[in-house]
Amino acid sequence: MPELPEVETVVRDLRPLLVGRSFQTANVGELSLRRKWDVDWNEKLIGRSVVSIQRRGKWITLHFNDGPWLLVHLGMTGQFTVNAAAEPLPDHTHLRFGLSGRADELRFRDVRRFGSFDLFTVRAQLEAFLDARLGPEPFAVDPKYFQKKLSGTVRPLKAALLDQSLIAGVGNIYADEALFAAQLHPSTRANDLTAKQCERLRMAVETVLIKAIEGRGSTIRDYIGGSGLRGTFQNEFTAYGRTGEPCVRCETPIEVLRIAGRSSHFCPKCQVANE
DNA sequence: CTGTAATCCTGCGAGC
DNA sequence: TGCTCGCAGGATTACA
């Protein structure tokens, strides 16, 4: 569910609610998340305060005072929020951490349990984990790097954009939205693009993500920000989920294809394949 | 090495 | 109503 704009929104919401405060209590549910953990959350985190919370790709990092780094992924349905401790506990809440100073707590709710929590003792371990998986942030991509990467693969553009090691943070929604904005067909072979088209796509990715962050991300079903607010960018979709609806540019009905295992929405008239 | 499928998990909407 | 099927913002693994 959550792609870069949603994760960024969660981090921005949580930052003022967490930084400088310490974890007082840990409450761990019966079911573990994607990776089975053998971590004693009480031992590792209780009594420590949050130094920083940041985003890298779709991952969230929490740095604790004099200690470990916590790495969190929201998977498809993860919700990472601060709530009043008295607020009723919804189903599928797997972790809770009581916070110092006020009667509230950090909660992790995840219906499908594709999310993950990992703990690293030193920063270098965390960075090695992330660097092994992630390419550059979309806002700091060298145009030449992007061209080179695309020219080096025959994969469809949609698959290339979803590859986190090429660019970090783009998921199914924003891949479709960026391809629509750049007027490129999702099944176009990446190495068929001209330099100009590569640059158009790179800029489209950046623009779409910035606009989505401004809208606090997209809520299709489960996504909420760190303070519980829904996103609004779903109201501005031009391609994703608009199958059969008129293209905002030419009114041709939007079509959907399965590419790289994901449904891919596009305008068959103004997103032309390079053949 | 490259690229696509299957997998993990729960819920929901469509169709019968 | 109630059942089955397919699909859903993702990452990883297993295989062609």
Donor-acceptor contact below 3.5 Å, side chain Thr219(A) vs main chain Gly231(A):
yes
Phosphate-side-chain proximity, His92(A) and dC9(B), N/O vs OP1/OP2 below 4.0 Å
no
Distance under 6.0 Å and angle within 45° of the ring axis: does Arg21(A) meet both against Phe97(A)?
no
Side-chain atoms of Arg112(A) come closest, of dT10(B), dC12(B), dG3(B), to dT10(B)
Take the protein atom NZ of Lys158(A) and the nucleotide atom C1' of dA5(B), then report the distance between them rounded to whole Å.
16 Å
Return no unless some side-chain N or O of His73(A) is found under 4.0 Å from OP1 or OP2 of dA11(C).
yes
Could you pick out which residue, Gly261(A) or Phe129(A), lies toward the 5' side of DNA chain C when each is mapped onto its nearest nucleotide?
Gly261(A)
Integer-rounded Å distance: dG11(B) P and Arg221(A) CZ:
11 Å
Rounded interatomic separation in angstrom, taking CG from Leu33(A) and C1' from dA11(C):
14 Å
Here the distance between atom P of dA8(C) and atom CG of Asp176(A), to the nearest Å, is 11 Å
Taking CG from Asp222(A) and P from dG11(B), how many angstroms apart are they, rounded to a whole number?
10 Å
Regarding Arg133(A), tell me which of base, sugar-phosphate or nothing describes its non-hydrogen contacts under 4.0 Å with the strands shown.
sugar-phosphate
If we take the P atom in both dC9(B) and dA14(C), what is their distance in whole Å?
16 Å
Respond yes when some side-chain nitrogen or oxygen of Ser263(A) is under 4.0 Å from OP1 or OP2 of dC7(C), and no when none is.
no
Pro156(A) near the nucleic acid: base, sugar-phosphate alone, or nothing, with a heavy-atom cut-off under 4.0 Å?
sugar-phosphate
Nearest whole angstrom, please: distance from the P of dT12(C) to the CZ of Arg262(A).
13 Å
Give me the one residue out of Leu4(A), Val10(A), Thr61(A), Thr9(A) that meets side-chain contact (heavy atoms from CB on, under 4.5 Å) with Arg55(A).
Leu4(A)
For dC9(B), what is the paired nucleotide under Watson-Crick or G-U wobble rules, both distances under 3.5 Å?
none
Do the numbers put Arg133(A) on top of the ring of Phe129(A), so that NZ or CZ is under 6.0 Å from the six-membered ring centre and no more than 45° off the axis?
yes
Taking the ring centre of each residue, are Tyr240(A) and His265(A) less than 6.0 Å apart?
yes
Look at the side chain of Trp59(A) and decide which nucleotide, out of dT12(C), dA8(C), dC9(B), has an atom nearest to it.
dT12(C)
Can you see whether Glu236(A) engages Thr238(A) through a side-chain donor-acceptor pair at a distance of less than 3.5 angstrom?
no
Within the 4.0 Å heavy-atom criterion, would you say Tyr240(A) contacts the bases, only the backbone, or no part of the nucleic acid?
sugar-phosphate
With heavy atoms under 4.0 Å as the rule, sort Thr219(A) into base, sugar-phosphate or nothing.
base
Among the nucleotides dT4(B), dC9(B), dA11(C), which one has an atom lying closest to any side-chain atom of Ala159(A)?
dT4(B)
Can you tell me the distance, in whole Å, between the CZ atom of Arg113(A) and the P atom of dA11(C)?
18 Å
Send over the distance from Ile259(A) CD1 to dT4(B) P, rounded to a whole Å.
10 Å
Where the side chain of Met76(A) is defined as all heavy atoms beyond and including C-beta, which of dA11(C), dC8(B), dA8(C) is the nearest nucleotide?
dA8(C)
